[in-house]
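Below is one structure, written out as structure tokens, with a few remarks after it.
If you're wondering where the values come from, they're calculated on a predicted model, not measured in any experiment. Any value given below was found using the heavy atoms of this structure, including those in side chains, with hydrogens, waters and symmetry copies removed. Naming: A, B, ... by sequence-line order, numbering from 1 per chain.
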Amino acid sequence: MKIELPSQYDPKATEAPIYAKWLETKAFHAVPDERTNKFSIVIPPPNVTGALHLGHAINGTIQDILTRYHRMLGDNTLWMPGIDHAGIATQAVVEKTVFEKEKKSRHDLGREELVRRIWEWKEQFGARILNQQAQLGASCDWDRTRFTLDEGCAKAVREAFFRMFKDGLIFRGKRLVNWDTHLQTAVADDEIYHETVKGQMTSIKYPVDGSPGEYLIVATSRPETMLGDTAVAVHPDDPRYKHLHGKFVILPLIGRKIPVICDGLLVDPAFGTGVVKVTPAHDPNDYATGVRHNLEQINLLTPDGKVNENGAGEFLGKAYSYVGLKFATATRKQVLADLEALDLIAEKKPHEHEVGHSDRSKTPIEPYLSDQWFVRMGDGEDEITLADGTKSTGLAQAAMTAVTDGRVKITPDRYAKGYLDWLAKKRDWCISRQLWWGHRIPVWSKTIPSNVLTADITKYLTGDSATGGISKYLKEDRRVAFQSRKDDQTGEVFFSVCIGHGEEDAEQEFESSGFVRDPDVLDTWFSSALWPISTMGWPAAGTTSAPEDQLLPYFYPTSVLSTARDILTLWVARMVMFGLYCQGDVPFKNVYVHPVIQDGEGKIMSKSKGNGVDPVDIVNSHGADAMRFTLASMATETQDIRMPVVKDPKTGTNTSPKFDIGRNFCNKIWNASRFILSNIDETAAPIDNAQSPVSVLEDRWILSRLHATIHSVETAIDSFHFAEVAQSLYQFFWTDLCDWYLEIAKARIRSSDAVVQSILLECLTTSLKLLHPMMPFITEEIWSKLPQGSSMLVKTAWPQFNAGRKDPAADKQIAIVQQITSAIREIQNRYPAAKGKDVVIKPRTQELQQIIEQNRATIEVLALGTEAHISENSLTAAKPADAATSVLPDAELYIGGVIDKNAEGIKLKKRAEELHKFIAGNNAKLGNEAFVAKAPEKVVTGLREQLAKQQNELFAIEKTLAELSL
RNA sequence: GGGCGAUUAGCUCAGUUGGUUAGAGCGCAUGCAUGACACGCAUGAGGUCACAGGUUCGAAUCCUGUAUCGCCCACCA
């Protein structure tokens, strides 16, 4: 009849079968239905190449707490999982593998074959990180698992691109990209690491045109770039160079006459000579300057990093050429030598600077001017129309407004600032990447010779045919959009056509008319930005009655996005923009930014540093619940959190003592449950939460505490205070329930008291429910052992908070019981001889005397066992001979015949000293008229009461000391 | 360089709008094989709240400055 559990909780044996059961019962599967209360989260899709790290684990834990909590609340709850194709990272991994195995580069394989290999790789390893998430207990709707490169996402990407292209929000422009001269590809900013290089700062003299003997001196760490200079800049207000405004200098070696321009943004007059050389094609700042002043951009580089035909000229009657030399090395050397020979070097000094290197090839990056596609973020003038019909002065502004007007709430709110600041710059977003793995840009282009008049372009493209070929797309209203851009220098027109979703047959037509598809793919963040809507079926949502088609109208906007702060701009801001533009509503109502876990020294955990902890190792050593509890208890409001890392002596892997907290708590839960279940009858049922009156003090108290806990857990989850959730559950379960209630109630438990059984069951079942979102496996396992019902905990309703169960009177009485009990134990600890001896209690108030009297038995059970008693409890109790004393603010306790005078004296004197300080401080405060006049009455009376107690206690101690003649 | 944050017990962190003697866990010390649990129980020690000013009757909490650390962004001719 009694239920028996094994004496140790074994996560390894428990977790997999429980998870299988959840999947079997489709517990995580969400389908739109008539419910109006719904909750949805889209997972930040981890990189397909990625291995699970603690960041995933803490974020997964948080999302699962929210998801499971809302599921239990009865909300229609969807947690949408998936993975990200992670363009460059994935391509690099596969390229590396191919090279290691076959010694073949991607050029050897060719585009199609490489992409095929990456897909193959994805099929093989892509699900690994999601399986690891499942090991943590994540309750994702795996039936809906998505991939940012799957068919649905491709459709969404194509549609979004098309709309923006058509609206002019996507445009083609020049941009300096980070060029890897070894791999001959552009690389993303975050694929670059900086290395400090010892170089030289060279000051070069540029002769002023028409003023023999006068030079402008510019300093540079990259003298070879001077070959591409198209201006020198000074500050407009710099008096040293006012006379040169509008003048020119002659570029040494090349002989080009270049203007002296005034630019207050580029030039800091206090730095160096206050003159800056401007090389628009090879430096980002100079590029921007060039755009401002309409300067010529002279590209000096070939794709493999050598100087092209622009690197030659004539200076002072002598020809110089650097064509074919390696740019940053041979060219630099030669340029310096030639300048030296001309005596045009004013100064050389050692200079350390940061040089960007490609992660892939480990070679220095060259800024390289090339044509790229951009998303226009908006400059505040042109209005755009969002999908809900409202207007905005650009995508960035729309995303800013969504946060400032509260449609998207960021928690903690300080992160909103970074988000807004970044968007306020409205920097156009370069979305083309020179890669093969990704969504290929759906644009076909053709260069139209300069001799074709603008008006004749259509005719030129369609030839004589009025209906055949591409003409129908050019003339009819099809989902095909056009842009053309004339090159100022050559007069050629670059004619681009974007072929939208549903018009794929047009691709062939355009290609046979000489159009060439853009070789680039889109920045991974482009498809990530569509993630909340693409996973829900956009753009086709709501048009059929198929359940898959109803996701978007039902679950969008999602409820919460949980993420790390580093992608608040790159990802979150862009999702908001695209959500508003494509779907007309924000993608999520809340953004929760969780803290980043660092190692014990405050360093970010990383693979290369070897200071990371692998969550899978922790699942193996401590169990998923233990890890989840620990991670949740670390999810405080702070932005970084430290986790000391140590080597596990058994496995040699990294671990942290922090996880023992969770493991110990699991064990506590297990054993308390074991104890309760082994002591209840099969027929026992939890007490009726709403109705049954409860009369026994400790029963009233534990239910009071239980309901306070329900309330605080709800409040904490709703406000994303996950550490508080962990804290209040830990406090309730371990301290209140196990340390106090179970100990107080043990006698009744042994005597099979029916009431206490119903209370125990109520506490246990409710605790399991409250703990389940955070610790799903162990709670589900224990739940399955309960005498009643066979339903799974995962689908069980969340406990109902009942304010009527809160019982301040019971709280107060138990607090006194605890205080007296601890005081007696303290004496016993101090004087081992006190063990087994009776206690005399002398309370100072009638009320306290009564409460102690009412709980005499309880205190005896907790502190005295069976062999001793409270022999007296009265206001006038006399102190026994040689009594050890415990002086409480409201009472004195004595255990006679045990005293060690000296030890007693030391302790009492120490406390007396403390009291003297407190009393003096309080007297000073209360003697201060300003304080009494200005402080709230509550504070003043509280202080007076406290002072009275302190004086009473001090009086008692001094009396005792006198009696001891100390 | 700009922004954000941190600095509270040996360690990791709480500390709600300023208000009665600043809390927790781990670790440490002492005692304990007590009929759930030694991954446990009981008790205890341990803090000038980074530093210097200021506001206030009153500051861990608000303001200013300094120092150290971390993260994000931009990187300098």
query = Counting side-chain heavy atoms from C-beta on, which of B:A74, B:C37, B:G25 comes nearest to A:Arg427?
reply = B:A74
ask   = Mind checking the C1' distance from B:C49 to B:G18? Whole angstroms is fine.
value = 15 Å
request  = May I ask which nucleotide in the shown strands pairs with B:U56, Watson-Crick or G-U wobble, both distances under 3.5 Å?
outcome  = none
request  = May I ask you to say what A:Gln828 touches in the nucleic acid, namely base, sugar-phosphate or nothing, with a heavy-atom cut-off under 4.0 Å?
outcome  = nothing
request  = Please state how far atom CZ in A:Arg830 lies from atom P in B:G44, giving the value in whole angstrom units.
outcome  = 10 Å
message = If I pick the C1' atom on B:U16 and the same atom on B:A22, what distance separates them, to the nearest angstrom?
response = 14 Å
ask   = Toward the 5' end of RNA chain B, which comes first, A:Thr273 or A:Arg750, by nearest nucleotide?
value = A:Arg750
task = Could you work out the separation of B:G3 and B:U8 based on their P atoms and round it to a whole Å?
result = 24 Å
request  = Quickly work out the A:Gln951 CD to B:U21 P distance and round it to whole Å.
outcome  = 14 Å
task = Please determine, by modelled atom types, if A:Ser633 and A:Lys658 share a side-chain donor-acceptor pair under 3.5 angstrom.
result = no
query = For B:A14, which nucleotide in any strand shown is its Watson-Crick or wobble partner with both distances under 3.5 Å?
reply = none
Distance (rounded to the nearest 0.5 Å) between A:Asp625 CG and A:Phe777 CZ = 6.5 Å
query = If you look at every strand shown and take non-hydrogen atoms under 4.0 Å, does A:Ala219 touch a base, only sugar-phosphate, or nothing?
reply = sugar-phosphate
message = Rounding to an integer number of Å, can you tell me how far A:Arg663 CZ sits from B:G40 C1'?
response = 12 Å
message = Regarding A:Ile676, tell me which of base, sugar-phosphate or nothing describes its non-hydrogen contacts under 4.0 Å with the strands shown.
response = nothing
key: More than 12 heavy atoms of other groups within 6.0 Å of A:Glu937 CD   = no
key: Atom pair distance, as rounded to whole Å: CD1 in A:Ile919 and C1' in B:U20   = 14 Å
request  = Write down the distance separating the P atoms in B:C26 and B:U43, rounded off to the nearest Å.
outcome  = 14 Å
message = For the NZ atom on A:Lys835, are there more than 12 heavy atoms of other groups (residues, nucleotides or ligands in this structure) within a distance under 6.0 Å?
response = no
message = It should be established whether A:Trp670 places a side-chain nitrogen or oxygen under 4.0 Å from OP1 or OP2 of nucleotide B:G40.
response = no
ask   = What nucleotide among B:G25, B:C4, B:U20 has an atom nearest to a side-chain atom of A:Ile661?
value = B:G25
ask   = Any chance CD of A:Glu913 has more than 12 other-residue heavy atoms, nucleotides or ligands included, within less than 6.0 Å?
value = no
request  = Return the 5'-most residue of the pair A:Thr821, A:Ser221 with respect to RNA chain B, ranking by each residue's nearest nucleotide.
outcome  = A:Thr821
task = Check the angle between the aromatic planes of A:Phe665 and A:Trp734 and answer parallel, tilted or perpendicular using the 30° and 60° thresholds.
result = parallel
inquiry  = For A:Ile782, is there any backbone N or O sitting under 3.5 Å from a side-chain donor or acceptor partner on A:Ser673?
reply    = no
Nucleotide opposite B:G1 in a Watson-Crick or G-U pair, distances under 3.5 Å = B:C73
inquiry  = Please determine whether a side-chain nitrogen of the Lys or Arg among A:Glu781 and A:Lys785 lies less than 4.0 Å from a carboxylate oxygen of the Asp or Glu.
reply    = yes
A:Lys934 side-chain proximity, nearest of B:C57, B:U20, B:A36 = B:C57
key: Nearest-Å distance for atom pair CG/C1', residues A:Leu742 and B:G35   = 14 Å
request  = Tell me whether the OP1 or OP2 atom of B:G40 has a side-chain N or O from A:Asn664 closer than 4.0 Å.
outcome  = yes
ask   = With a non-hydrogen cut-off below 4.0 angstrom, is A:Asp286 in contact with a base, only sugar-phosphate, or nothing?
value = nothing
task = Without swapping roles, check the side chain of A:Arg628 against the backbone of A:Met775 for a donor-acceptor pair under 3.5 Å.
result = no
inquiry  = Nearest to the A:Cys738 side chain among B:A42, B:A36, B:G5, which nucleotide is it?
reply    = B:A36
key: Short side-chain N/O contact from A:Lys746 to OP1 or OP2 of B:A36, under 4.0 Å   = yes
inquiry  = Let's test your reading of the model: under 3.5 Å, does the base of B:C37 pair with the side chain of A:Lys668 as donor and acceptor?
reply    = yes
message = Classify A:Gln946 by what it touches in the nucleic acid, base, sugar-phosphate, or nothing, heavy-atom distance under 4.0 Å.
response = base
ask   = Can A:Lys949 be said to sit on top of A:Phe918's aromatic six-ring, NZ or CZ under 6.0 Å from centre and within 45° of the ring axis?
value = no
ask   = B:A60 and B:G23: how far apart are their P atoms, nearest whole angstrom?
value = 13 Å
ask   = What nucleotide, of B:C37, B:U21, B:A36, holds the atom closest to the side chain of A:Asn667?
value = B:C37
ask   = Mind checking who B:A42 pairs with, Watson-Crick or G-U wobble, both distances under 3.5 Å?
value = B:U30
inquiry  = By the 4.0 Å heavy-atom rule, please label A:Tyr730 as base, sugar-phosphate, or nothing.
reply    = sugar-phosphate
inquiry  = Whole angstroms only, please: what is the CG-P distance between A:Leu915 and B:U20?
reply    = 18 Å
key: OP1 or OP2 of B:C72 under 4.0 Å from side-chain N/O of A:Arg565   = no
note = Separation of B:C75 atom C1' from A:Ile365 atom CD1, nearest Å, is 16 Å
key: Who pairs with B:C51 - Watson-Crick or G-U, where each distance is under 3.5 Å   = B:G65
ask   = How far does the C1' atom of B:G46 sit from the matching atom of B:A24, given to the nearest Å?
value = 14 Å
ask   = Can you check whether A:Tyr741's main-chain N or O pairs, donor with acceptor, with A:Asp736's side chain at less than 3.5 Å?
value = no
inquiry  = By nearest atom, which of the nucleotides B:G35, B:C37, B:C4 is closest to the A:Glu743 side chain?
reply    = B:C37
inquiry  = Taking B:G25 as the reference, what is the distance to B:C72 when you measure between their P atoms (whole Å, please)?
reply    = 34 Å
task = Report the base-pairing partner of B:C37 (Watson-Crick or G-U wobble, both distances below 3.5 angstrom), or none.
result = none
message = For a quick check, with a 4.0 angstrom heavy-atom cut-off, what is the B/S/- contact string for nucleotides 11-18 of chain B, read 5' to 3'?
response = SBSS----
request  = Find the distance A:Leu761:CG to B:A36:C1' and express it as a whole number of Å.
outcome  = 15 Å
query = B:A33 and B:C28: how far apart are their C1' atoms, nearest whole angstrom?
reply = 22 Å
